[in-house]
Structure formats: structure tokens, C-alpha cells
Trainee: 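Have a look at the structure that comes next, please.
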Amino acid sequence: MDTHRTALHTPISMTNPSRKSVAAALLAAGLSFHLCAQAQDYPTKPIKVIVPYAPGGGADLLTRLVGQQLGERLKQPVIVENQGGGSNTIGMRTVAASPKDGYTLGLATPVFVMTPSLIKNHPYDTLKDFTPVAMIGSTPLVLVVHPSVPAKSTKEFIALAKSKPGTLNFASLGQATTQGLAASMFNFMTGIDAVQIPYKGSAPGTTDLLAGNVQFMFNALPSMLPHIQAGKMRALGVSSAKRSPSLPDVPTLKETVPGYEVTTWYSFVAPAGTPRAVVDKLNHEISAIVETPEMKEKLRVQGVEADAMSPGELGRLFRTESAKWAKVIKDARIQPE
């Protein structure tokens with residue numbers, strides 16, 4: 001018995017390979033147990049979601065819609081914090097620098113993978129400094145004009161713009177944004193000359209369009225749909241490959257401009273190194289929310305098609321979209337700023 005007790009208390013020698021393996025295995029097992037226990041207890045405090053856009057836009061509204069239900073399922077508040085500016089880099093830099101514990105998430109859209117090709121001295125590595133968590137869904141952009149613009153179709157609008165080069169103004173969230181890049185692509189592919197008026201967020205740009213201070217805008221469908229339905233702006237075309245169920249009578253832009261196609265998506269990311277068990281739990285809960293008939297309908301009303309993905313699938317989307325937009329930006333000869 002004494003010999004047995006002595007053996008239990010004998011320090012493990014690090015010079016013995018087999019004992020090294022046992023020690024490593026025990027350490028790994030202990031860490032795995034700790035992470036599993038952490039995921040089972042998670043969350044024990046409020047979760048913060050950084051939205052890198054100004055309040056009131058489509059991304060902000062969708063985050064709050066899903067965040068409210070996520071909080072109810074996890075029994076902890078989900079706090080949405082807007083950190084707009086810097087073409088999303090201000091908010092996403094905050095996410096990348098946050099503790100890797102699952103209590104800070106970020107909302108990622110296509111801008112997330114565009115900015116490395118558009119901004120010099122980019123403050124983080126999009127594909128290395130973040131962990132993909134879950135997808136909400138996707139939506140096309142829509143080309144809208146103020147009712148005072150006489151064009152009733154994309155073809156008429158292009159003809160109008162060409163007849164008055166440099167006189168039509170368009171609201172833009174900046175070159176390093178989905179909306180800004182979509183407008184630049186459209187202008188480049190159609191050969192029109194329009195003046196870009198930059199705004200710090202979707203909401204202020206939309207306000208100026210409604211007031212007639214700018215003549216047109218490309219923006220995500222969820223932000224524009226209520227104004228289109230109210231007759232306060234006219235939709236000329238959607239940027240997706242097929243017509244949107246929310247606007248079935250509005251043609252796709254590619255019907256007039258062959259090859260033109262842009263889709264925006266909404267997803268959640270966490271800092272790189274966030275425990276896999278925590279990421280999986282978040283993915284399970286968010287995907288379950290997105291897949292409910294009730295949420296699908298709420299998203300459809302907003303012009304968004306629900307599209308749950310695993311973290312791995314979302315990571316592949318990031319890589320594919322990153323390569324796609326890098327090529328588009330290069331081909332369009334858009335220089336980093």
C-alpha cells in the first residue's frame with residue numbers, strides 16, 4: 001500500500017518519452033474537458049455584437065432581429081453596438097482584438113472580404129484573424145432612383161446618364177463598400193459618368209435620396225424595400241442572378257447589363273482562437289433561429305433569403321468571395337486608398 005502511494009506521488013520524468021506522451025495526453029484531455037465544460041456553461045454573461053455600420057441600416061436591423069432571439073435562446077442579453085466608419089475596419093478591428101471567449105462577435109458582410117484589396121495598410125488579416133461562426137442569409141442590392149428621375153427602366157436610366165455626363169449624383173457608402181463598389185462596377189460596365197457623394201452609413205445616404213439631394217443609389221434590398229413599397233423611390237433593377245421574390249416585377253440588372261451580378265450576405269464572426277465548442281454552440285443556435293419558418297418569413301419580408309451554414313462552409317465562402325472581389329477590383333483598375 002505504501003509503495004502504491006509513493007508511486008502516485010512520484011513526479012513524472014520529462015526525460016522518458018512514454019511519460020512525456022502520457023503527460024501531453026493528460027494535458028490535452030484536461031484542456032478538452034475544460035473547453036467542453038466552458039461551452040456547456042456558455043454564456044454566463046451578456047454577448048456583444050459589433051455592427052460595423054451606422055444604426056438604422058439593413059445590417060443593423062437584421063443583427064437586432066436575430067440577436068433578440070439568440071438572447072432568448074441562450075438566456076443572456078445580446079447587446080448590439082454600432083461602430084461604423086473606416087469601411088467597416090473600425091468595428092471589425094475591435095472584434096479581432098477582443099478576448100477569444102465568445103462574448104464578442106462581429107457582423108460580416110462582403111465588405112469584410114473586399115477591404116484588403118481596397119485599403120492600404122489594412123489593419124487585420126480577414127482570413128486569419130477571425131473565426132467564421134454562422135450565416136444569416138443573403139440579398140441582392142437594388143438600384144433605386146428618386147421619383148423625380150424620369151427613367152422608368154435600367155435601359156432608360158443609362159441613356160439618361162449618358163445624355164447628361166457628370167450631372168447625376170449617387171449616394172455611396174464609400175469605394176470600399178459593397179454599395180460603392182457595386183456602383184463603380186455599374187458605371188464602369190455601362191460607361192456612364194456620375195458623381196459619387198460619400199456617406200458614413202446607409203441611413204444618411206438613404207435620407208438624402210428620399211429628399212432628392214442625390215438622384216440614385218445602390219443599396220441592400222432590406223434597407224430600400226419599405227421606401228420602394230411606399231412609392232418614395234423607384235426600383236430599376238436588382239443585382240442578383242434572378243429576380244427577387246420581394247420585387248418580382250423588378251428585372252435583374254444583368255438583363256440589361258450582361259455579366260453584372262452582386263450579392264450581399266450577412267454573417268457572424270468571432271476573434272480567431274475562440275474555442276471550437278463555443279463556436280459550434282453559437283452556430284447551432286443561430287442556424288436554428290434562421291431555419292425557423294417564422295424567421296424565414298421575417299427575413300423574406302426584409303428581402304433576405306435565409307441561408308444557414310456551418311463554420312466550415314462560411315469559411316469557404318469567405319475565401320471564395322475574397323478571391324472573386326480581388327479580381328474584380330484589379331480588373332476595374334480600382335486603386336487602394
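Computed from heavy atoms alone, side chains included, the values below leave out hydrogens, waters and symmetry copies. The first residue of the sequence shown is numbered 1, and numbering continues consecutively from there. Keep in mind the model is a prediction, meaning the values are calculated, not measured.
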Trainee: Do you know which two heavy atoms are closest between Pro336 and Ser117, and how far apart they sit?
Mentor: CG-O, 3.7 Å

Trainee: Quickly, which of Asp60, Thr177, Thr109 forms a side chain to side chain donor-acceptor pair (under 3.5 Å) with Tyr53? Name it, please.
Mentor: Thr109

Trainee: Run the numbers on Leu62 and Val66 for side-chain contact (heavy atoms from CB on, under 4.5 Å), then give the verdict.
Mentor: CA-CA 6 Å; Leu62 289 175; Val66 175; 5.7 Å; no

Trainee: Using a cut-off of 6.0 Å, state whether more than 12 heavy atoms not belonging to Lys164 lie near its atom NZ.
Mentor: no

Trainee: Of the non-hydrogen atoms in Asn219 and Gln179, which two are nearest, and what is the gap between them?
Mentor: OD1-NE2, 3.0 Å

Trainee: Quick check for you: to the nearest 0.5 Å, what is the distance between Phe186 atom CZ and Ile192 atom CD1?
Mentor: 5.0 Å

Trainee: So how far is it from Leu247 CG to Arg243 CZ, rounded to the nearest 0.5 Å?
Mentor: 10.5 Å

Trainee: Run through Gln302, Lys298, Glu297 and flag the one making a side-chain contact (heavy atoms from CB on, under 4.5 Å) with Arg300.
Mentor: Glu297

Trainee: Can Leu299 be reached from Leu61 by stepping across I, L, V, M, F, W or Y side chains whose heavy atoms are under 4.5 Å apart?
Mentor: no

Trainee: For the pair Lys162 (side chain) and Thr190 (backbone), establish whether a donor and an acceptor sit closer than 3.5 Å, ignoring hydrogens and angles.
Mentor: yes

Trainee: How long is the gap from CD on Glu72 to CG on Leu74, to the nearest 0.5 Å?
Mentor: 10.5 Å

Trainee: Please determine, by modelled atom types, if His122 and Thr115 share a side-chain donor-acceptor pair under 3.5 angstrom.
Mentor: yes

Trainee: Could you check whether any side-chain N or O of Lys48 sits under 3.5 Å from a backbone N or O of Pro46, counting only pairs where one atom can act as donor and the other as acceptor?
Mentor: no

Trainee: Does atom NZ of Lys155 have more than 12 heavy-atom neighbours from other groups under 6.0 Å away?
Mentor: no

Trainee: Donor-acceptor check, side chain of Thr320 to backbone of Leu317, threshold 3.5 angstrom: yes or no?
Mentor: no

Trainee: Report the C-alpha distance between Asn88 and Phe112 in whole Å, list the side-chain angles of each, state the deciding distance to 0.1 Å, and finish with yes or no for side-chain contact (heavy atoms from CB on, under 4.5 Å).
Mentor: CA-CA 7 Å; Asn88 285 195; Phe112 178 63; 5.7 Å; no

Trainee: Tell me if a side-chain donor or acceptor on Thr154 pairs with a main-chain N or O of Leu236 at a distance below 3.5 Å.
Mentor: yes

Trainee: What distance separates Arg93 CZ from Asp129 CG, expressed to the nearest 0.5 Å?
Mentor: 12.5 Å

Trainee: Has the side chain of Glu313 got a donor or acceptor atom that lies under 3.5 Å from a matching backbone atom of Ser310?
Mentor: yes

Trainee: With heavy-atom distances below 4.5 Å as the criterion, would you say the side chains of His227 and Val144 are in contact?
Mentor: no

Trainee: Would you indicate whether the side-chain heavy atoms of Leu282 and Leu105 approach each other to under 4.5 Å?
Mentor: yes

Trainee: Do any N or O atoms from the side chain of Thr94 and from the backbone of Ile90 form a donor-acceptor pair under 3.5 angstrom?
Mentor: yes

Trainee: If you measure from CG on Asn82 to CD1 on Ile50, what distance do you get to the nearest 0.5 Å?
Mentor: 9.0 Å

Trainee: With the 4.5 Å side-chain cut-off for hydrophobic clustering, are Leu221 and Met217 part of the same group?
Mentor: yes

Trainee: Assess whether side chain to side chain donor-acceptor pair (under 3.5 Å) is satisfied between Ser138 and Glu305, documenting all intermediate values.
Mentor: CA-CA 5 Å; Ser138 60; Glu305 182 178 353; 4.9 Å; no

Trainee: Do side-chain atoms of Asn283 reach the backbone of Val133 as a donor and acceptor pair under 3.5 angstrom?
Mentor: yes

Trainee: Side-chain contact, heavy-atom cut-off 4.5 Å: Asp307 with Met309?
Mentor: yes

Trainee: Under the ring-ring contact (aromatic ring centres under 6.0 Å, His included) rule, what do Trp265 and Phe318 come out as? Steps first, then yes or no, please.
Mentor: CA-CA 11 Å; Trp265 33 263; Phe318 289 165; 5.6 Å; yes

Trainee: For the residue pair Thr263 and Thr139, what are the closest heavy atoms and their distance?
Mentor: CG2-O, 3.5 Å

Trainee: May I ask you to establish whether Lys281 and Tyr42 are in a cation-pi arrangement, using a distance under 6.0 Å from NZ or CZ to the six-membered ring centre and at most 45° from the ring axis?
Mentor: no

Trainee: Please check if atom NZ in Lys327 has more than 12 non-hydrogen atoms from other residues, nucleotides or ligands closer than 6.0 Å.
Mentor: no

Trainee: Any heavy-atom pair between the side chains of Leu173 and Ser202 that's under 4.5 Å?
Mentor: yes

Trainee: Apply the test side-chain contact (heavy atoms from CB on, under 4.5 Å) to residues Gln83 and Glu81: give CA-CA distance (whole Å), side-chain angles for both, the deciding distance (0.1 Å), then the verdict.
Mentor: CA-CA 6 Å; Gln83 290 189 18; Glu81 181 177 309; 2.6 Å; yes

Trainee: Go through the steps for Val257 and Ile158 under the test side-chain contact (heavy atoms from CB on, under 4.5 Å), then give the verdict.
Mentor: CA-CA 10 Å; Val257 186; Ile158 294 171; 4.0 Å; yes

Trainee: Starting at CE of Met224, measure out to NZ of Lys232 and round the result to the nearest 0.5 Å.
Mentor: 12.0 Å

Trainee: Under a 4.5 Å side-chain heavy-atom rule over Ile, Leu, Val, Met, Phe, Trp and Tyr, are Val149 and Leu141 clustered together?
Mentor: yes

Trainee: Identify the two heavy atoms, one from Thr89 and one from Ile119, that lie closest to each other, and give their separation to 0.1 Å.
Mentor: CG2-CD1, 3.9 Å

Trainee: Are any non-hydrogen side-chain atoms of Ile197 and Phe170 less than 4.5 angstrom apart?
Mentor: no

Trainee: Evaluate the ring planes of Phe157 and Phe216, with Trp represented by its six-membered ring, and classify them as parallel (under 30°), tilted (30 to 60°) or perpendicular (over 60°).
Mentor: perpendicular

Trainee: Does Val304 share a hydrophobic cluster with Leu143, counting links as ILVMFWY side-chain heavy atoms below 4.5 Å and allowing steps through other members?
Mentor: no

Trainee: Going hydrophobic residue to hydrophobic residue with side-chain gaps under 4.5 angstrom, can you get from Leu314 over to Val290?
Mentor: no

Trainee: Would you say Leu209 and Met233 make side-chain contact, with heavy atoms under 4.5 Å?
Mentor: yes

Trainee: On a heavy-atom basis, which atom in Met92 and which in Ala108 lie closest, and how many Å separate them?
Mentor: CE-CB, 4.4 Å

Trainee: If you compare all heavy atoms of Ser87 against all heavy atoms of Val111, which two are closest, and at what distance to 0.1 Å?
Mentor: O-CG1, 3.5 Å

Trainee: For the residue pair Val262 and Trp325, establish whether any side-chain heavy-atom pair is separated by less than 4.5 Å.
Mentor: yes

Trainee: Give me the ring orientation class for Tyr260 and Phe218: parallel if the planes are under 30° apart, tilted from 30 to 60°, perpendicular past 60°.
Mentor: tilted

Trainee: Is any side-chain heavy atom of Gln215 closer than 4.5 Å to a side-chain heavy atom of Val145?
Mentor: no

Trainee: Hey, is the main chain of Ile79 close enough, under 3.5 Å, to the side chain of Arg64 for a donor-acceptor pair?
Mentor: no

Trainee: Is Ser267 reaching over with its side chain to a backbone N or O of Met135, donor-acceptor style, under 3.5 angstrom?
Mentor: no

Trainee: Tell me if a side-chain donor or acceptor on Glu291 pairs with a main-chain N or O of Ala288 at a distance below 3.5 Å.
Mentor: no

